[in-house]
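Please read the structure below before turning to the comments.
Naming convention: chains lettered A, B, ... in sequence-line order (proteins, then strands); numbering from 1 in each chain. Everything numeric here is computed off the predicted structure, so don't read it as measured data.
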There are 2 protein chains.
Amino acid sequence: MANDDTRPLTLRDVSEASGVSEMTVSRVLRNRGDVSDATRERVLSAAKALGYVPNKIAGALASQRVNLVAVIIPSLRNMVFPEVMSGISSVLEETDLQPVVGVTDYLPEKEERVLYEMLSWRPSGVIIAGLEHTDASRAMLKASGIPVVEIMDVDGTPIDAMVGISHRRAGRKMAQAIMKAGYERIGFLGTKMPLDHRARKRFEGFTEALAKGGIEIADQEFYSGGSALAKGREMTETMLEREPDLDFLYFSNDMIAAGALLALLEKGVEIPEQIGLAGFNGVELLDGLPRKLATMDACRTEIGVKAAEIIAERVNNPDAETPKVIELTPKISYGDTLRR
Amino acid sequence: MANDDTRPLTLRDVSEASGVSEMTVSRVLRNRGDVSDATRERVLSAAKALGYVPNKIAGALASQRVNLVAVIIPSLRNMVFPEVMSGISSVLEETDLQPVVGVTDYLPEKEERVLYEMLSWRPSGVIIAGLEHTDASRAMLKASGIPVVEIMDVDGTPIDAMVGISHRRAGRKMAQAIMKAGYERIGFLGTKMPLDHRARKRFEGFTEALAKGGIEIADQEFYSGGSALAKGREMTETMLEREPDLDFLYFSNDMIAAGALLALLEKGVEIPEQIGLAGFNGVELLDGLPRKLATMDACRTEIGVKAAEIIAERVNNPDAETPKVIELTPKISYGDTLRR
DNA sequence: TTGAAAGCGCTAACAT
DNA sequence: ATGTTAGCGCTTTCAA
């Protein structure tokens, strides 16, 4: 090992150790072009013996190609996003692209900073949650010249392409199912997140459809922080104390709905006869609950898959005609907490 | 805009637009060296007007500095890791370092691939879960010449530094608490994950301490895949059918323990008198359950914080004397499912 | 306070 | 099948 132990190894070291030109070493390491088996062997064994790890920074600069896809999401703590990530990874693993995650904490300014950081690495594409961004963020995305897919939501206009569900429509659909089942005194319980545009749109769609059916939300309650399960309990108790004659509770996510379910069952409330419940997301957790919760699947994995497919296609063939809008259709699942 | 719309902007474009040398533009953009206020203004406004985003690839190559910290973890779907990430981010946000996540799915070969990919970007440090790695991975880490912190576990020898808890000790501690409470017929329920070394070590510590108290595990059951809550239910039912006189169930994670709790409460089993329960992790979810589950806190956020602090310190000052081993002490929490 | 030259470690393009 | 040359877009270093 000629390496002096402070300087990282370079192609040149492998070249010298194997007696082959840097260029040929480079070709072997990238499986490019024609290289004789003998040379290939010598190079590979030299590289391995030295413990050479290529320098992608130099490679990227020289080739003007970076195999990274920036994925920008609000949070990792909400199980929704890891599931979207799975969808993305499952597609990118078939290519030589790699996802790199940035987290915004639902803050537009942080999104802007994270985006700037990521774009400065010149990724091959961007997948970003939501359609609402600062002007500066939109400008950067437009100017980047790379494929951009906005995900989760299709209620708006994409910068480039979008894949998701209509949260407005989802809210309306649930409202219609609830009204059809004959519930009339409906409470809404959700997160206190003015910046969670998708939750807001669901709420808007929900109230709009109720209004069309001549019903107004009877009560609402919001929380922030803490264990969602515990908050679901608390909020439900608070609300039912205030409005004891509610016959349906609609939650902005399944976790708080699950807390409510546990609380109501303990109290001996008849579900779904006396009070019906519905959440949103279709989290797998729900399978273990005493009753199957009514919810609506947000197509999380599929969103990731479709978004990654668009990026992969466009990276392969920059002139490819990829879809600009993919609207997926969330399925309502009645479970045991919403009368049919 | 002189940009021809296919070529990304470079320093040169900003230089031309502002009539200042590339070098001075570079200095302004990095707040380095002395630049007159007038020049600074001209440069900044030109950069902004053009929508210039610096090319970190070129910058990193020239400066031999990359402000990235590779974080390599088994999964994002287990809430443990997002929490560790929070700890890491909270520290790195105070510095100019940025975490980049790689996921291994508990597969040593995938860990090796991910590590290779990440090291080829020449990050400033590595935080990696666990102490068990392939020989090639260890070799790469050793040869990388950058600070490496192995996290979650301290039962072993670190390559460089480690921050975590002793899972063996955690298993022993729980066994002792269970025996002290007088339980004697104990079942174990966990994940079928030969590659989850930490779960394995907890199990080993657990059985070892029981043996010392003259008790042998009465039954065990493992699962893989599916909803952990549902699996907890199923496994509990299966096991109690097989061994109806068990008086304690120890679970390798809180989620399956929660499923068991729900199942047993429905059956009218007296908890913790008739059967006691304990999980592992202290997930926040638990706060909303009908009973507070006995568990043990894995110090997730703190592990992330300490690991990131070591990296940050070493990046600042390569000769800094940072701790090689930080063992955190998990607290046992008795909740309502383990007699005192 | 500013600029010019050299080069980071690779790869594209063109030899041979 | 292999080698040579000339950069990629920045920053370091040195000069003015």
Side-chain angles (χ1 to χ4, degrees), chain A residues 3-4 6-44 46-47 50 52-67 96 117 119-124 144-145, chain B residues 3-4 6-44 46-47 50 52-67 96 117 119-124 144-145:
Chain A
N3 183 15
D4 69 10
T6 74
R7 177 180 57 77
L9 293 162
T10 68
L11 257 193
R12 168 173 228 108
D13 296 304
V14 182
S15 164
E16 282 168 2
S18 62
V20 171
S21 79
E22 286 186 44
M23 197 53 232
T24 301
V25 172
S26 168
R27 284 196 264 253
V28 170
L29 265 23
R30 287 177 299 144
N31 310 308
R32 276 281 164 73
D34 295 322
V35 182
S36 74
D37 286 351
T39 321
R40 159 173 284 103
E41 277 316 309
R42 287 171 59 200
V43 169
L44 288 177
L50 292 173
Y52 172 69
V53 176
N55 185 331
K56 286 218 179 192
I57 296 174
L61 184 60
S63 67
Q64 305 280 65
R65 238 191 303 287
V66 177
N67 69 337
D96 67 343
E117 284 291 323
L119 288 180
S120 70
W121 287 102
R122 299 288 188 268
S124 293
S144 68
Chain B
N3 183 16
D4 70 10
T6 75
R7 175 181 58 76
L9 294 162
T10 68
L11 258 191
R12 168 175 227 107
D13 296 304
V14 182
S15 163
E16 283 168 2
S18 61
V20 173
S21 78
E22 286 186 43
M23 196 52 235
T24 301
V25 173
S26 168
R27 283 196 266 253
V28 171
L29 264 25
R30 288 175 297 143
N31 311 306
R32 274 278 166 71
D34 296 322
V35 182
S36 72
D37 286 351
T39 324
R40 158 172 284 104
E41 277 317 308
R42 287 172 59 199
V43 169
L44 287 177
L50 293 174
Y52 171 70
V53 176
N55 185 330
K56 286 218 181 193
I57 296 175
L61 184 61
S63 66
Q64 306 280 65
R65 238 190 301 286
V66 179
N67 69 337
D96 68 344
E117 283 290 324
L119 289 180
S120 70
W121 287 101
R122 300 287 188 269
S124 293
S144 69

Result block: side-chain N/O donor-acceptor pairs under 3.5 angstrom for residues 24-31 of chain B, not counting sequence neighbours:
| from | atom 1 | to | atom 2 | distance (Å) |
| --- | --- | --- | --- | --- |
| B/Thr24 | OG1 | B/Ser21 | OG | 3.1 |
| B/Ser26 | OG | B/Arg30 | NE | 3.2 |
| B/Ser26 | OG | B/Arg30 | NH2 | 2.9 |
| B/Arg30 | NE | B/Ser26 | O | 3.3 |

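With sequence neighbours left out, A/Ala46 forms a side chain to side chain contact (heavy atoms under 4.5 Å, CB included) with A/Val14, A/Ala17, A/Ser18. When the side chain to side chain donor-acceptor pair (under 3.5 Å) test is applied to A/Ser36, the partners found at least two apart in sequence or on another chain are A/Thr39. Judged as a side chain to side chain contact (heavy atoms under 4.5 Å, CB included), and not counting sequence neighbours, the contacts of A/Leu61 are B/Ile57, B/Ala58, B/Leu61. In this structure B/Glu16 satisfies the salt bridge (charged side-chain N to carboxylate O under 4.0 Å, His left out) test together with B/Arg12, sequence neighbours excluded. Applying the side chain to side chain donor-acceptor pair (under 3.5 Å) rule to A/Thr10 yields the partners A/Asp13; only residues at least two apart in sequence or on another chain are considered. With sequence neighbours left out, the side chain to side chain donor-acceptor pair (under 3.5 Å) criterion links B/Glu117 to A/Lys56.
Residues B/Gly19 and B/Arg42 share a closest heavy-atom pair of O-NH2, 3.8 Å. Minimum interatomic distance between A/Ser144 and A/Leu119 (heavy atoms only, all atoms of both residues): CB-CD2, 4.2 Å. Shown here for A/Arg122 and B/Pro8, the closest heavy-atom pair between the two residues is NE-CB, 4.2 Å.
For the helix from C/dT1-D/dA16 to C/dT16-D/dA1, the terminal axes (five pairs an end, C1' atoms, rotation from four pairs onto the next four) enclose an angle of 30°, given to 10 degrees.
Between B/Gln64 and C/dG7 there is no side-chain N or O to OP1 or OP2 distance below 4.0 Å. For C/dG9, the OP1/OP2 oxygens have no side-chain nitrogen or oxygen of A/Tyr52 closer than 4.0 Å. A close approach under 4.0 Å does not occur between any side-chain nitrogen or oxygen of A/Arg65 and OP1 or OP2 of C/dC10. Contact annotation: A/Thr10 does not reach the phosphate of C/dG9 (side-chain N/O to OP1 or OP2, under 4.0 Å).
If you take CG of A/Leu61 and P of C/dA12, they are 12 Å apart, rounded to a whole angstrom. Rounding to whole angstrom units, CD of residue B/Glu22 and P of C/dA4 are separated by 10 Å. Atom CG in B/Asn55 sits roughly 18 Å away from atom P in C/dC8 (whole-Å rounding). Atoms CH2 (B/Trp121) and P (C/dC10) sit 13 Å apart, rounded to a whole Å. One interatomic measurement links the two molecules: CE of A/Met23 to C1' of C/dG9, which rounds to 12 Å at whole-angstrom precision.
Side-chain contact between A/Tyr52 and A/Val43 is absent, with no heavy-atom pair separated by less than 4.5 Å.
A 4.0 Å heavy-atom criterion places the boundary nucleotides of DNA chain D facing chain A at D/dA1 to D/dG9, written 5' to 3'.
A heavy atom lying under 4.0 Å from DNA chain C marks the following residues of residues 25-37 of chain A, by number: A/Ser26, A/Arg30.
Both B/Thr24 and A/Leu11 lie near DNA chain C, and the one whose nearest nucleotide falls closer to the 5' end is B/Thr24.
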